[in-house]
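Comments concern the structure below.
Note that this is a predicted model, so its numbers are computed, not measured. The residues of the chain are indexed from 1 along the displayed sequence.
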Amino acid sequence: MNIGEIGTVLRRRWYVMMPLTMVGILAGFQLYESVPVSYQSQSSVALLDSTAVAELAPTFGNPIANAGGSLVVTADVLIRTLSGADAARDLQGLGVTDPYTVGFAANTSGPMLTLTVTGTDREKVLKETSTLTAFAGEQLNALQTAAKIQPAYFVQTAPVVLPQTPQPQLKARYQQVLAVVIAGLVAGFTASFLAESLLSARRRRREAAEAAGGTGVFKALVRRRTRARQLDATALLTGYLGLAFFIPSNLTLPGLGGVGTPANVFALLALFWYLATWLAGRIRAAPGTRLPRVVMWLLAVSVLASYLANASRGSTHKEVLGADRGLIGLLVWVSIVVLVSAGIQDRARLDVLLRRTVVMGAVVAAIGYYDFFTATNIAEKISIPGLQSSVAQITTLDRGAFTRPRSTTAQPLEFGGMLALLLPFAVQQAFDPVRSHLKAWRRWAPVALMGGSLPLTVSRTSIIGALIVVMVMVPRWKPQRRWTTFGLLLGSVAVFKVLVPGLIGTITTLFASFLTNSDSSTQARTVKYSAIVPYLEERPLFGRGLGTFTPDLYFFTDNQYMLTLAEMGLLGLVALLALFLTGIHQGGAIRRLAADESDRELGQAFFASALVALVSAATFDALSFPMFAGMFFLTIAAGGSYLGFIRRAAPKPRTVESPCPPVTQPSRTGPRQPVP
């Protein structure tokens, strides 16, 4: 179904679309008129150690008085105290009845707190902020008095930013109104195509009955065929890939944060196309492709459960917004999986999609070479009107004497992880006999670009991903190809050693420091493993909500499994592991059922890619990065779709009732055609 046909259905069913749309608009107007404007005031205080700490303190190891000199733990204790139920009850007695939050000040590493009060009365909000600021100092003194600390060693609060004039929070109000209007549009859109589907089915049954009974003259419907190619899922996914690969991941639509990339918005619109086409009866999921969608249902249940858990725990405004963004991210992932696994009906079109993914990934890798050898980042130079950066500042990252490339991704880890996901498919396509008519440079350029970019990131994640690809794919090859590959790998190491002096030594040092636990990055990750335990013990089953465990409120986890435990609990971790294991299972099943060597290598590529994702998730918060997450869900869904095609084409096993080998039937989708 193309855009013109969608418009025709909406015009034909205007009596469904218009009322629901008007209901949404009127509900939004009513919400705008009835909901009062919220005002917000903030103040900031810093914790200052006493001058007496220069002398020998009478007691050591007190976490309130000194906390090792940094006072960060002291600030954390104060934040937890002010956020507790006892403090809220005391503040209500002092007149602070509006919601308030206390947290570490953004973009600071020291003991600085931000106090925020939100309410509908401007003067009252300002007064409550002043009361909260003074109460913070009194509460800190009470804590130290209870710990029997001498007054000379008291930590003091010093106002850095006095209570600010309350500002109207119109953005949140407009977001609520817009959400109601969009809900009305979506309801009208869905109901229009549902009505079209029901009425069309009823008309077809009536015409079939008339033709069978001979009671009337059957008139065949003549459908107009457009000269233009029909819009399909592969075309839409190609548009998504173009936006995902070539618009920097940090550029997003205002107000949506990291999930508001143009590629994600396009994926959501593509989901509406699939919904309209499916409701109109134009498309049905191919048999045998259900597994990725079933696993996505498990992930969706865990995300929704964590969203409800976040709503029930009295979370902050930032956490509520983060949970909303988490739901948007889930819809984007669902869109990709549904479009690939249920929207593509022809294996040839799936081959085209996978080939385009590899080619675009190779272009992103080529941009990484530019970043590395020019010691810059191309994302800094790209500015698109209407988009804003979702991070405070984009700067180049160095390790040793080398600039770590990012290309159009958000971080070198995402760059290396994404290329490691796609590298197995580049290798498989280079060996694919269907593409043997192409020149060698066209087949092997993506392999060289992707494989060569991985060590340039100076990242353990990239090297581990490359090693997994080699260890999974190479042992399955014939001896001649295997030994040739080992020779090329050794030659590549020698080339890097000559062209980029010091790179191999820096990478070797990285792994040596990791094994001896002397690397600061490794130590920071190890410390965070224990820091996540209190949050897991607080909400072990459903977590705190997808998207709520943000660094400005808590800390970086650098581990997708730890982050999933904090945000979605044990249920979310089970869903995440199910995704990884599904990818591994699909690759193994394709390899087992394939009738030719090319498809067996394709199955091995899916196996290697899923294993790379499984291991990479332990080295950084992988699904927080839109490009890596998009490619991961695309490969998982493509594996399920390929498995369905290959399973239907596989010969049925012999049985006692049918001992003869089955007669080979021509494939429904026809033979594979060369892919340019």
Side-chain angles (χ1 to χ4, degrees), residues 285-299 336-337 340-342 344 347 350-351 353-355 357-358 417 420-434 464-479 481-482 485 560-561 573-618 622 631-654 667 669 672:
T289 62
R290 184 180 301 175
L291 184 57
R293 298 192 296 277
V294 171
V295 181
M296 285 303 298
W297 271 111
L298 177 60
L299 180 65
I336 297 172
V337 171
V340 176
S341 66
I344 300 179
R347 173 167 176 174
L350 189 59
D351 290 335
L353 176 66
L354 203 58
R355 176 59 188 159
T357 304
V358 170
L421 278 180
L422 300 182
L423 180 59
F425 304 105
V427 174
Q428 182 271 332
Q429 291 174 10
F431 284 119
D432 192 351
V434 175
I464 292 173
L467 290 176
I468 291 174
V469 174
V470 171
M471 290 187 296
V472 171
M473 299 194 70
V474 173
R476 301 285 302 181
W477 293 344
K478 295 180 179 179
R481 185 194 293 182
R482 188 188 312 151
T485 301
Q560 184 60 51
Y561 298 110
L573 182 62
V574 170
L576 180 64
L577 291 174
L579 277 170
F580 293 139
L581 296 178
T582 296
I584 294 173
H585 161 74
Q586 290 175 164
I590 292 172
R591 183 185 62 200
R592 185 176 62 256
L593 297 174
D596 55 62
E597 186 63 27
S598 176
D599 284 344
R600 281 192 285 271
E601 290 189 352
L602 178 63
Q604 198 70 5
F606 278 109
F607 186 95
S609 180
L611 194 59
V612 167
L614 175 70
V615 177
S616 298
M631 295 309 104
F632 168 69
F633 285 101
L634 187 144
T635 55
I636 291 293
S641 188
Y642 269 113
L643 179 59
F645 287 124
I646 291 176
R647 182 172 285 160
R648 293 195 301 275
K652 296 181 180 180
R654 303 182 187 184
S667 174
T669 59
R672 291 185 60 196

What residue pairs, at least two apart or across chains, pass side chain to side chain donor-acceptor pair (under 3.5 Å) with a residue in residues 285-297?
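Listed by first then second residue: Thr289-Arg293, Arg293-Ser341.
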
Once side chain to side chain donor-acceptor pair (under 3.5 Å) is applied, what residue pairs with a partner in residues 577-595 remain, sequence neighbours excluded?
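Listed once each, the pairs are Arg591-Gln604.
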
Reported [atom1]-to-[atom2] distance for the pair [X] and [Y], which is rounded to 0.5 angstrom:
X	Y	atom1	atom2	answer
Leu577	Ile584	CG	CD1	10.0 Å
Thr635	Leu421	OG1	CG	5.5 Å
Leu579	Leu614	CG	CG	11.0 Å
Arg648	Leu643	CZ	CG	9.5 Å

How would you list all residue pairs meeting ring-ring contact (aromatic ring centres under 6.0 Å, His included) that involve residues 591-615, not counting sequence neighbours?
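Checked against ring-ring contact (aromatic ring centres under 6.0 Å, His included) - neighbours excluded - the pairs reaching residues 591-615 are Phe425-Phe606, Phe606-Tyr642.
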
Taking the side chain as everything from C-beta on, heavy atoms only, tell me whether [X] gets closer than 4.5 Å to [Y].
X	Y	value
Phe431	Glu597	no
Ile636	Val337	no
Gln429	Leu602	no
Arg347	Ser641	no

Answer yes when Glu601 and Arg481 have at least one side-chain N-carboxylate O distance shorter than 4.0 Å, and no when they do not.
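Between Arg481 and Glu601 there is a salt bridge, with a charged N closer than 4.0 Å to a carboxylate O.
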
Atom of [X], atom of [Y] and distance for their closest heavy-atom approach:
X	Y	value
Gly639	Ile590	O-CD1, 3.6 Å
Phe580	Ala617	CZ-CB, 3.8 Å
Asp432	Ser598	OD1-OG, 2.9 Å
Ala608	Val472	CB-CG1, 3.7 Å

Quick check: does any side chain N or O of Arg647 sit under 3.5 Å from a backbone N or O of Leu593, one acting as donor and the other as acceptor?
no

Is it the case that the side chain of Ser609 and the backbone of Ala605 share a donor-acceptor pair, with hydrogens and angles ignored and the cut-off at 3.5 Å?
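No; judged by distance alone, with no hydrogens or angles, the pair does not exist.
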
Report the residues that fulfil side chain to side chain contact (heavy atoms under 4.5 Å, CB included) with [X], sequence neighbours left out, ordered by chain and then residue number.
X	answer
Val470	Val474, Leu489
Ala594	Asp599, Arg600
Ala426	Val358, Pro446, Val447, Met450

Quick one: do Phe645 and Asp351 satisfy side chain to side chain contact (heavy atoms under 4.5 Å, CB included)? Show the steps, please.
CA-CA 12 Å; Phe645 287 124; Asp351 290 335; over 6 Å; no

